[in-house]
Amino acid sequence: MAGAIRTHLGISIGAVRTRDVFHVEPALSAADAARVASEFAGPVVRRGEVGRVDDGPFDVAVSVGFKPGVTDPVGKSARVAIEDLLGRKLGAGGAVYASRVYLLSGVSRDQATRIATQLLANEVIERVAVQPFAEWQAAPPDLSVPRVVEHPPRPAGTVRLRGLDDAALARLSRERLLALSVEELRTLRAFFERAASDPARARAGLGADPTDVELECLAQTWSEHCKHKIFNATITYREEGKAPEEIRSLFKRYIQGTTSAVDAAIRARDGTSWLVSVFHDNAGVIAATGRYHLVYKVETHNSPSALDPYGGAITGIVGVNRDPFGTGLGADLLSNVWGYCFGPPDWAGQLPPGLLHPRRVRDGVHHGVIDGGNQSGIPYGRGWEFFDDRFLGKPLVYCGTVGRMPVRSAGRPTEVKAARPGDRIVMVGGRIGKDGIHGATFSSAELTEESPVQAVQIGDPITQKMMFDFLLEARQAGLYSSVTDNGAGGLSSSVGEMARQPGGAWLDLSLAPLKYQGLAPWEVLVSEAQERMTLAVPPAHLPGFLELARRREVEATDLGEFTGSGMLEVRWGRQVVGLLPLDFLHDGDPELRIEAEWKARAPVPAPAQAAPSSAAEGNALAARFLARDNLRSSELLSRAYDHEVKALTVVKPWIGLHRDVPSDASVFMIAHDGDRTGYALAEGVFPTYSDHDAWAMAQAGVDLAVRRVIAAGARADRIAALDNYCWPDPLPGEKNPDAREKAAALVRASRGLAEICIAYGVPLISGKDSMKNDAVVGGRRISIPPTLLASVIAIVDDVRRAVTLEAAQPGELLVLVGETRQELGGTEWAAARGLAGGEVPRTTPAALWPGYQAVARAIGDGLVQAAHAVGRGGLLHSLFLLARAGGLGLSADLGPSPVKGAVDWEGRLLGETTGRFLLAVEPARLDPLRAALRAVPHAVIGAFDAGARLRIGLGAAPLVDAPVDELARAWKREGRPA
Amino acid sequence: MSRPVRVLIPVGFGLNCEEETSAAFRMVGAEVELVHLTDLFAHRAPRRLADYQVLAMVGGFSYGDHIAGGLVLATRIRAHLQAELAAFLAGGGRVLGICNGFQTLTRLGLLPGPEAGPPDFVPRAALTNNDRLGYRDAWVRIAVDPKTRSVWTRGVAALDVPSRHGEGKFVVESSEVLARLDQRGQLAFRWIDAAGHPTEAWPENPNGSALGVAGVTDSTGRILGLMPHPDAFLYPWHHPDYARRRAELESKEAGGLAIFRAGVTAD
């Protein structure tokens with residue numbers, strides 16, 4: 001801690017001591033309290049005291065505890081321990097609150113306040129007290145606790161829409177955080193005016209205005225976050241010199257349409273398809289082995305992570321865990337992936353008010369996902385970071401999870417949900433509080449200084465793990481017929497969505513277990529309090545289900561019933577507080593129309609830079625380049641994430657002799673059942689290519705992800721992809737003058753995506769979009785570059801045949817596959833040079849694919865010792881990684897590289913032309929390899945040796961000639977903060 | 001052939017290495033049963049503890065490592081299962097604790113335990129925060145102390161294993177106490193350096209334990225706790241060098257299995 005204070009805040013501090021503090025309610029007897037203190041401290045290293053530990057001198061005490069109502073997992077565990085230790089329950093009003101006191105030496109009060117607010121605490125969720133020593137000593141121990149002040153339950157109300165003009169509707173939307181447009185509110189108003197004549201509505205005592213329950217429920221269901229209105233909009237796309245084109249739903253045309261086309265091609269070829277369940281459930285499902293299917297989902301949690309990086313990120317990872325878990329009848333979770341886009345961690349420029357420093361965002365996000373993944377017992381397979389100034393305004397926090405589901409559970413196909421009328425609606429897991437109210441609508445709006453505290457939830461992985469363990473037992477026993485998670489929109493989304501299958505539902509919100517009293521019915525309905533799943537339980541199984549839950553110490557509550565009424569009926573005790581036809585709820589929103597206009601930028605030629613005049617100059621260039629934020633090794637940091645719990649990991653995220661080289665793809669087994677089939681995970685993301693053309697950006701990402709799994713030894717005909725769009729707002733507004741271009745980028749990225757996926761035979765099995773990645777702070781708008789993350793999962797026939805970047809023996813030859821073009825636009829080298837122009841790397845999917853199939857066959861036939869897909873940083877980065885991974889010397893001549901057009905030293909060494917592989921091959925296998933690649937441009941460009949240098953030349957001219965270790969020190973930034 | 005040895009693996013509350021630990025015991029011929037801790041606490045499990053020969057406390061994050069690793073689970077076991085556990089041990093039962101399991105056994109006072117006599121459930125040691133960097137997943141090398149009397153180390157010499165913990169530094173009251181444990185062969189496993197010697201230096205020793213302590217046994221040798229994960233080296237292709245040393249690694253059994261075999265075949 002003292003180290004972080006010195007390096008991050010530049011405060012030269014003396015000692016830092018910490019005290020873990022537990023406040024227990026109701027108060028314990030002195031003897032019981034002493035027992036608890038002694039048990040919690042344990043022998044040897046810690047002391048436990050009741051009241052205050054004798055603290056000796058220090059300068060300032062900083063106390064940090066949660067604000068009322070914030071999830072306190074440590075306090076919750078402490079309560080369990082105290083109750084078992086004392087052999088009695090604390091009772092209904094009882095609670096344990098955990099907090100921490102830091103005793104700082106060598107700082108002033110002002111410095112301590114800075115340390116408290118900028119490092120130790122996040123005032124969005126935590127309360128802080130700063131007391132100099134004298135003040136601390138004079139005051140008695142602080143016995144206050146962050147108890148929520150309970151209010152009597154609040155009744156449901158009515159929200160008057162009739163008679164409001166457009167300005168008033170807009171104000172209503174803003175003030176209630178509905179994120180509904182004026183047009184949507186007019187549609188609602190008209191609906192309720194019509195519905196007033198419905199006798200059912202009159203019988204329920206409901207009128208011509210919505211109740212607050214109905215309005216909030218509709219706002220959640222119609223939010224961009226839940227409804228993907230932009231992806232379903234009708235877009236008019238204009239491009240200079242072409243007739244305007246109307247696109248009805250990007251999703252249907254380019255995402256679903258792509259997968260349908262690929263599925264049809266698979267069926268035409270194989271007579272059957274390995275796509276098991278796509279699009280209609282929480283995650284995509286593909287066939288893997290005779291026993292298991294694989295399930296995969298990637299999500300983003302950007303807005304909450306901007307406000308509270310730790311809480312937002314931990315909620316991101318444990319939240320996406322619930323997607324595979326809530327797919328079909330549920331999947332066991334196998335591995336996580338994460339990836340983050342941040343502002344530069346060493347940002348020294350001005351920081352608009354309301355934004356956290358990117359270093360703090362980064363630290364908090366890592367910490368959150370580390371805790372969430374590790375405590376859930378799920379290894380990570382992939383992790384990456386990308387840095388660009390524009391992510392200062394909104395960081396992107398991608399989290400994903402792979403699961404496996406048995407092909408059949410309790411005699412039923414596991415991928416099929418089967419909720420029927422009469423099934424009970426049962427909520428399982430944590431209790432409901434005000435946390436996360438309006439998360440879905442909040443993330444559907446831009447970030448401002450006034451963004452709500454309530455929108456932040458904090459995930460509690462242990463509560464969730466206990467719930468998952470219980471639900472897997474219940475699944476195997478066949479105790480439920482459907483399951484889905486409570487994420488965005490809470491019960492309104494989960495029940496509203498599940499009700500579509502049976503055709504209706506009623507639920508009584510007064511039965512829902514609450515963390516504290518005082519929530520209005522609408523708050524109970526839309527709260528995004530974490531760690532909850534909603535299930536459909538056939539009445540015959542209800543007693544068995546509830547009994548198993550009780551035994552496993554997991555809360556489960558019967559809230560209502562699925563019906564065939566066509567309505568979602570919401571009750572509070574006997575009173576009906578909401579009555580919404582399902583078809584209006586799900587399909588009543590007005591169609592959105594978007595204008596898109598693409599202005600092709602005339603390519604600005606990139607002024608050439610002279611080649612290094614000597615190897616020494618080239619070495620310095622290489623060392624600086626490899627140390628860049630986007631290329632350097634983050635191995636040290638990543639090792640805080642578990643990557644091999646479950647013992648299914650084969651190719652780990654970090655590989656090589658020194659275990660510090662990122663693998664192209666991670667490879668996992670699926671189970672300990674003797675089956676050697678596995679799966680490979682990889683991704684590609686190129687945000688800066690959007691500065692040239694989002695089409696190229698999208699294709700580069702898919703192409704790299706696909707090449708990576710092929711390089712790892714996956715089957716070329718069993719690759720599936722997930723698309724995660726993170727976009728700046730493409731809807732017009734007074735502060736968003738270039739909305740049409742952002743919309744055009746969306747169209748172009750989607751077209752590029754469709755083209756490449758069809759050419760490669762890669763179906764899109766799941767995806768997500770986050771469309772409001774802008775921050776308006778201090779009157780300034782910061783928009784992220786349009787960013788599409790492509791995540792792929794591919795089947796590996798035998799994990800023992802997986803390939804990495806590791807050459808094994810001196811003498812192995814290095815083969816470059818694929819042509820290089822003069823493509824520097826948007827590359828890391830362009831960023832290093834401060835170059836705006838150049839041609840962006842463009843992919844030619846149909847032309848490339850036969851070559852990829854040939855490479856996959858060569859790897860499958862065992863012809864290749866090592867393989868690598870060239871990506872960001874070009875050949876310089878790739879050649880360095882290969883030398884480092886094998887722990888060998890490597891000499892390469894870029895002269896023989898296959899090229900198209902004129903390509904200078906920059907294009908060859910640093911360009912990022914897509915479609916290229918590097919293969920290491922034993923000399924004896926070179927001929928069969930060349931025969932396998934006869935139809936593909938390729939060349940032997942180098943050889944590994946027993947030395948320790950990386951030598952790269954272009955013909956006779958040396959570009960780099962340096963010890964690999966020396967470059968590695970720069971690349972690992974040894975001696976500098978991680 | 002006699003009936004297979006029966007292994008109990010308690011599950012739940014955030015433990016998470018049950019799948020690989022089960023696989024490990026099955027691979028060496030044992031019969032494994034997973035039983036939820038709530039059923040053990042409520043005494044409604046299908047069998048009593050005494051019906052098993054081996055109890056395996058697996059790795060994970062019981063109760064999120066809140067307050068301290070293993071603390072809440074140990075407190076609960078003491079409250080609900082102490083008498084049964086004492087009887088199991090008196091009957092010759094063997095116990096393996098890996099990572100969070102080791103932390104739990106230490107908090108329970110089973111490790112290192114009293115110098116002689118039956119277990120008294122008095123904690124005498126702590127597994128505290130690593131000296132450097134906190135939690136870290138990296139492969140390291142450990143070796144058996146030749147003096148040890150642990151039944152879990154027969155036929156085991158040195159092996160590569162992943163270390164995955166943030167609280168693994170083994171601390172006792174004084175260096176004299178540590179020296180006595182060493183003399184008695186209770187410091188069963190050590191982190192070793194490239195030359196094969198116990199080390200206190202990071203990263204070969206991930207937590208900074210004095211004398212390189214990586215695993216500890218009780219005075220009877222029947223209870224073993226260790227921080228690293230032999231349950232994560234069950235196949236040759238688990239090894240991080242597999243891509244470069246495939247043939248050599250394929251030619252022998254994966255290093256983690258020997259520990260499970262020793263414990264299963266001991267009598």
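This is a predicted model, so every value here is computed, not measured. Chain naming here is simple, since letters A, B, ... match the order of the sequence lines and numbering starts at 1 in each.
Note: B:Glu19 CD to A:Leu334 CG = 7.5 Å, rounded to the nearest 0.5 Å. One finds the CZ atom of A:Arg659 at 4.5 Å from the CG atom of B:Asp241 (value rounded to the nearest 0.5 Å). The NE2 atom of A:His672 sits 6.0 Å away from the CG atom of B:Leu234 when rounded to the nearest 0.5 Å. Note: A:Thr649 OG1 to B:Glu20 CD = 9.5 Å, rounded to the nearest 0.5 Å. Within the model, atoms CG of B:Leu15 and CE of A:Met466 stand 10.5 Å from one another, a figure rounded to the nearest 0.5 Å. Distance check: A:Lys465 NZ to B:Ser62 OG gives 11.5 Å after rounding to the nearest 0.5 Å.
Of the listed residues B:Pro236, B:Ser174, B:Ala74, B:Ala125, the one with more heavy-atom pairs under 4.5 angstrom with chain A than any other is B:Ala125. If you tally non-hydrogen atom pairs under 4.5 Å between each of B:Glu173, B:Glu250, B:Arg76, B:Met27 and chain A, the highest count goes to B:Arg76. Ranking B:Gly256, B:Cys17, B:Ala138, B:Gly60 against chain A, the residue ahead of the rest is B:Ala138, based on heavy-atom pairs under 4.5 Å. Between chain B and the options A:Ser638, A:Ala81, A:Ala808, A:Ala866, heavy-atom pairs under 4.5 Å are most frequent for A:Ala81. Of the residues considered (A:Gln809, A:Arg46, A:Glu83), A:Arg46 shows the highest number of contacts with chain B, using heavy-atom pairs under 4.5 Å. Heavy-atom pairs under 4.5 Å with chain B peak, among A:Ser376, A:Ala647, A:Pro73, A:Gly377, at A:Ala647. Of the residues considered (B:Val122, B:Asp231, B:Asp137), B:Asp137 shows the highest number of contacts with chain A, using heavy-atom pairs under 4.5 Å. Note on A:Leu85, A:Asp371, A:Thr804, A:Leu657: by heavy-atom pairs under 4.5 Å with chain B, the leading option is A:Leu657. Counting heavy-atom pairs under 4.5 Å between each of A:Glu473, A:Gln865, A:Met669 and chain B puts A:Met669 at the top. Counting heavy-atom pairs closer than 4.5 Å to chain B, the top-ranked of the candidates A:Gln464, A:Lys652, A:Gln375 is A:Gln375.
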| said: Run the side chain to side chain contact (heavy atoms under 4.5 Å, CB included) test on A:Val645 and B:Asn16 for me, step by step, so that the C-alpha distance in whole Å, both residues' side-chain angles and the decisive distance to 0.1 Å come before the verdict. | reply: CA-CA 8 Å; A:Val645 58; B:Asn16 60 38; 3.5 Å; yes
| message | Pair B:Phe13, A:Val80 - check side chain to side chain contact (heavy atoms under 4.5 Å, CB included), show working. | response | CA-CA 11 Å; B:Phe13 297 142; A:Val80 172; over 6 Å; no
| said: Using the rule given for side chain to side chain contact (heavy atoms under 4.5 Å, CB included), can you reason through B:Tyr135 versus A:Ile370, listing the C-alpha separation, both sets of side-chain angles and the distance that settles it, and then say yes or no? | reply: CA-CA 10 Å; B:Tyr135 181 97; A:Ile370 287 167; 5.5 Å; no
| task | Under the side chain to side chain contact (heavy atoms under 4.5 Å, CB included) rule, what do B:Arg44 and A:Arg551 come out as? Steps first, then yes or no, please. | result | CA-CA 10 Å; B:Arg44 57 181 296 170; A:Arg551 269 167 65 188; 3.0 Å; yes
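In this structure, the portion of B:Tyr235 lying under 4.5 Å from any heavy atom of chain A is its side chain and not its backbone. No part of B:Ala24 comes within reach of chain A, as not one of its non-hydrogen atoms sits under 4.5 angstrom from that chain. For B:His229, no part lies under 4.5 angstrom from a heavy atom of chain A. At a 4.5 Å heavy-atom cutoff, B:Asp65 makes no contact with chain A through either its backbone or its side chain. Looking at A:Phe22, the atoms closer than 4.5 Å to chain B (heavy atoms on both sides) all sit in the side chain, from C-beta outward. B:Val172 touches chain A through its backbone: at least one of N, CA, C or O sits under 4.5 Å from a heavy atom, while the side chain does not. For B:Arg245, no part lies near chain A; criterion is any non-hydrogen pair under 4.5 Å. Heavy-atom distances place the side chain of B:Arg246, and not its backbone, under 4.5 Å from chain A. For chain B, the nearby part of A:Asp469 is the side chain; its heavy atoms alone come within less than 4.5 Å. Proximity to chain A involves both the backbone and the side chain of B:Tyr63, based on heavy atoms less than 4.5 angstrom apart. At a 4.5 Å heavy-atom cutoff, the contact between B:Ala243 and chain A is made by backbone and side-chain atoms alike. Contacts between A:Ala98 and chain B at a heavy-atom distance below 4.5 Å are absent for every atom of the residue. If you measure heavy-atom distances from A:Arg79 to chain B, you find no contacts under 4.5 Å at all.
Across all their heavy atoms, A:Asn374 and B:Phe61 have their closest contact at O-CD1, 3.2 Å. Considering all non-hydrogen atoms of both residues, A:Glu806 and B:Pro240 come closest at OE2-O, 4.2 Å. The two residues A:Arg552 and B:Thr38 come nearest to each other via the heavy atoms NH1-OG1, 2.6 Å. Scanning both residues, A:Pro43 and B:Ala126, for their nearest heavy atoms gives O-CB, 3.7 Å. Taking all atoms of both residues into account, the shortest heavy-atom contact from B:Gly64 to A:Ile462 is N-CG1, 3.2 Å. Nearest approach of B:His66 to A:Ser77, heavy atoms of both residues: ND1-OG, 2.6 Å.
Counting only distance, with no hydrogens or angles, the side chain of B:Arg136 and the backbone of A:Ala640 share no donor-acceptor pair below 3.5 Å. In this structure, the side chain of B:Arg107 engages the main chain of A:Glu39 through a donor-acceptor pair within 3.5 Å. When atom types are taken as modelled, the side chain of A:Asp84 and the backbone of B:Thr75 share no donor-acceptor pair closer than 3.5 angstrom.
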